[in-house]
K.L.:
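There's a structure below that I have some questions on.
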Amino acid sequence: MNARPLLNRRLDGLGTTIFAEMSALAAATGAINLGQGFPDADGPEEIREAAVRALREGKGNQYPPGPGVPELRTAISEHQQRFYGLSFDPDTEVLVTTGATEAIAAAMLALLEPGDEVIAFEPFYDSYAACVAMAGAKRVPLTLRAPSFRPDLDELRARITPRTRLLLINTPHNPTGTVLTAEEQSAIAALAVEHDLLVVTDEVYEHLVYEGAHRPMAALPGMRERTVTISSAGKTFSFTGWKVGWVTASAPLVSAVRTAKQYLTYVSGGPFQYAVAEALRLPDSYFDGFRADLRRKRDLLGGGLRAAGFEVYQPQGTYFITTDIAPFGEQDAYAFCRTLPERCGVVAIPSSVFYDAPDIGRGQVRFAFCKADEILEEAASRLRVLTS
Ligand code: PMP
Ligand code: GLN
């Protein structure tokens, strides 16, 4: 056998995603899975039925159009107008992707040249590091530090070099739950304009903001023509398995991202696109109810984790809570999460793996609260054995 390593050097060290690893651990041990972020209840029944109807009516069972079915592109465009007053042409400025994951990959592959630098918040959502690496580019961290997890804008300025091609923003931010303030967004936008940088912004948790309101980066002055906005139906409608995501951006940016997307998946799953088009048109009461429900769950699990002895960092958005295990006299989040199922029957994610700097997030553990109240209560009660 050829001695050359099988795995492309760019993928070296990426291994198995921590989400898959921890979900497998939950399956093997029967522990409550508060690791990987997926709801334990499906989204609205009428949207599930819409998918069944599309399948039965033969809508999307054969290759749909590459950019997405016109019904969904129009619904995405209407959603951006309805919630943010942003107007995107469904024909040239909207692209449907296979989840936000493909949108991130296609954007990185389309927009980066080898050697380019990408500044992103650390802790990084895991696919950012992978996609930047696959494009041959270099990730440059802008570290969000506990307890507040705010970006240091002077540090951002200092990180920009002549090689910087784009800023990869994520608000609300996974895993910390940070939601950028208007001032932070303005400062980031001003730097992007000053240095003529592209902005790729992952806003999959746009409808899970508990304090204030979500404002897309694309809404800031000077941003529309340089911003690629990414979102997904998975989080907003609790159908993470459908893998319907999308990009909104200017026509030249959408065209670039579409060029890469065509050769990744060619097109994305057909019948679900029709169902997601209906979902995006649900009344405000759906979006308000969803957010209120998750806010209540945040408070429920947050209280339980505090009572169990964790240091809890209150998230302003997403469905994750970041904690620190220092109060237990422990420091290694990965070791803690590996043994947590046998210690008390709960699975969580070691946020430490989302940091390049080994020391900064070492004791950080992320819990997902998109689960039934009884599950959250049971998990919190099990975690109490850590202090007993
Ligand atoms: N970005 C972030 C920040 C996420 O948390 C996730 C996980 N859901 C994704 C992208 C991927 O979304 P999708 O499942 O639509 O590919
Ligand atoms: N986005 C989800 C999370 O952060 C997981 C998605 C995945 O498994 N890639 O938990």
Side-chain angles (χ1 to χ4, degrees), residues 14-27 33-40 43 68 72 76 95-108 120-132 144 149 168-180 200-209 214 216-217 228-248 257 261 264-265 268-269 272-273 275-276 279-280 294 315-322 337 347-354 364-371:
L14 290 172
T16 303
T17 90
I18 194 72
F19 306 116
E21 181 183 343
M22 290 298 151
S23 278
L25 185 62
N33 189 357
L34 302 188
Q36 192 176 25
F38 61 89
D40 59 359
L72 178 54
I76 292 165
L95 173 69
V96 175
T97 57
T98 301
T101 305
E102 190 199 25
I104 295 161
M108 295 305 127
F121 298 137
E122 178 192 50
F124 308 97
Y125 177 60
D126 70 341
S127 83
Y128 301 165
C131 292
V132 170
L144 307 178
F149 295 114
L168 177 47
I169 304 296
N170 174 212
T171 184
H173 178 256
N174 179 7
T176 66
T178 291
V179 173
L180 293 180
V200 174
T201 177
D202 176 345
E203 303 184 359
V204 298
Y205 298 101
E206 62 187 309
H207 288 288
L208 289 175
V209 173
H214 177 70
M217 286 301 298
V228 173
T229 304
I230 293 170
S231 195
S232 160
K235 309 295 161 174
T236 300
F237 302 110
S238 300
F239 288 115
T240 58
W242 288 9
K243 298 298 293 185
V244 176
W246 53 85
V247 162
T248 49
V257 177
K261 184 247 152 55
L264 291 171
T265 53
S268 301
F272 294 132
Q273 293 190 38
V276 171
L280 286 164
L294 270 294
Q316 299 118 45
T318 75
Y319 41 49
F320 304 114
I321 295 183
T322 297
C337 290
V347 160
I349 296 287
S351 297
S352 48
V353 304
F354 303 135
Q364 288 174 20
V365 173
R366 187 197 84 173
F367 292 88
F369 55 83
C370 45
K371 308 289 173 182

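When a ligand or atom number is given, it counts from 1 through the structure's own listing order. Remember, it's a predicted structure, so these values are computed and weren't measured experimentally.
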K.L.:
Does any N or O of ligand 1 fall below 3.5 Å from an N or O anywhere on Ser232, backbone included?
P.N.:
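Yes; at least one N/O pair falls below 3.5 Å.
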
K.L.:
Please tell me whether Ser23 and Gln36 have a donor and an acceptor in their side chains that are separated by less than 3.5 angstrom.
P.N.:
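The answer is yes; a qualifying pair exists.
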
K.L.:
Test your reading of the structure: does Asp202 have an N or O sitting under 3.5 Å from an N or O of ligand 1?
P.N.:
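Among all N and O atoms of Asp202, at least one is under 3.5 Å from an N or O of ligand 1.
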
K.L.:
Which protein heavy atom lies closest to atom 5 (O) of ligand 1, and at what distance to 0.1 Å?
P.N.:
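Residue, atom and distance for the closest contact: Tyr205 OH, 2.6 Å.
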
K.L.:
Please determine if Lys371 forms a cation-pi arrangement with Phe38, meaning its NZ or CZ atom is less than 6.0 Å from the six-membered ring centre and no more than 45° off the ring axis.
P.N.:
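Positive - Lys371 is close enough to the ring of Phe38 and near enough to its axis.
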
K.L.:
Can you check whether Phe320 has an N/O within less than 3.5 Å of an N/O in ligand 2?
P.N.:
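No: no nitrogen or oxygen of Phe320 is under 3.5 Å from one in ligand 2.
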
K.L.:
Under 4.0 Å from any heavy atom of Tyr125, which atoms of ligand 2 are there?
P.N.:
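Under 4.0 Å from Tyr125, ligand 2 has these atoms: 1 (N), 4 (O), 6 (C), 7 (C), 9 (N).
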
K.L.:
I'd like to know if Phe38 contacts ligand 1, where contact means a heavy-atom distance under 4.0 Å to any ligand atom.
P.N.:
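Contact check Phe38 vs ligand 1: negative.
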
K.L.:
Hey, does Thr240 sit under 4.0 Å from ligand 1 if you only count heavy atoms?
P.N.:
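Outside the 4.0 Å threshold, so no.
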
K.L.:
If you measure every N or O of Tyr125 against every N or O of ligand 1, does any of those distances drop under 3.5 Å?
P.N.:
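Between Tyr125 and ligand 1, no N or O pair is found under 3.5 Å apart.
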
K.L.:
Checking a contact table here: which protein heavy atom is nearest atom 16 (O) of ligand 1, and how many Å away?
P.N.:
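That would be Thr101 OG1, 2.5 Å.
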
K.L.:
N/O of Asn174 under 3.5 Å from N/O of ligand 1, yes or no?
P.N.:
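Looking only at distances, the answer is yes, because the N/O contact criterion of under 3.5 Å is met.
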
K.L.:
Below 4.0 angstrom from a heavy atom of Gln36, which ligand 2 atoms are there? Numbered from 1 as shown, please.
P.N.:
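Here the atoms of ligand 2 in question are 5 (C), 7 (C), 8 (O), 10 (O).
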
K.L.:
Considering Val204, Thr240, Asn174, which one's heavy-atom position lies nearest to atom 4 (O) of ligand 2?
P.N.:
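Among Val204, Thr240, Asn174, the closest heavy atom to atom 4 (O) of ligand 2 belongs to Asn174.
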
K.L.:
Which of the numbered atoms in ligand 2 are below 4.0 angstrom from a heavy atom of Lys235?
P.N.:
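Those of ligand 2 that fall under 4.0 Å from Lys235 are 1 (N), 2 (C).
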
K.L.:
Pairs of nitrogen or oxygen atoms closer than 3.5 Å, one from Phe320 and one from ligand 1: do any exist?
P.N.:
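It does not: no N or O of Phe320 is found under 3.5 Å from an N or O of ligand 1.
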
K.L.:
Using heavy atoms and a threshold below 4.0 Å, how should the contact between His173 and ligand 1 be classified: side chain, backbone, both, or neither?
P.N.:
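Within the 4.0 Å criterion, His173 makes no contact with ligand 1.
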
K.L.:
Quick check on contacts: which atoms of ligand 1 are under 4.0 angstrom from a heavy atom of Val204?
P.N.:
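Once the distances to Val204 are compared, the set is 1 (N), 2 (C), 3 (C), 4 (C).
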
K.L.:
Which ligand 1 atoms, with their elements, are less than 4.0 angstrom from a heavy-atom of Lys235?
P.N.:
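Checking each atom against Lys235, I get 7 (C), 8 (N).
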
K.L.:
Could you see which bit of Met22 sits under 4.0 Å from ligand 2, with heavy atoms only: side chain, backbone, both or neither?
P.N.:
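For Met22, no heavy atom sits under 4.0 Å from ligand 2.
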
K.L.:
We want to know whether Tyr205 and Asn170 form a side-chain donor-acceptor pair, criterion being a heavy-atom distance below 3.5 angstrom.
P.N.:
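No, no side-chain donor-acceptor pair sits under 3.5 Å.
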
K.L.:
How far is atom 14 (O) of ligand 1 from its nearest protein heavy atom, and which residue and atom is that?
P.N.:
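Looking at atom 14 (O) of ligand 1, the protein heavy atom closest to it is Lys243 NZ, 3.2 Å.
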
K.L.:
What part of Glu102 sits under 4.0 Å from ligand 1 if we count only heavy atoms: the side chain, the backbone, both or neither?
P.N.:
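The answer is neither.
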
K.L.:
Does either side chain, that of Lys243 or that of Ser232, offer a donor lying less than 3.5 Å from an acceptor on the other one?
P.N.:
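No, Ser232 and Lys243 have no side-chain donor paired with an acceptor closer than 3.5 Å.
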
K.L.:
Side chain of Thr176, backbone of Thr178: donor and acceptor closer than 3.5 Å?
P.N.:
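It does hold such a pair.
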
K.L.:
Are side-chain N/O atoms of Glu206 and Ser231 paired as donor and acceptor at under 3.5 Å?
P.N.:
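Their side chains do contain a donor-acceptor pair, which is all the 3.5 Å distance test asks for.
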
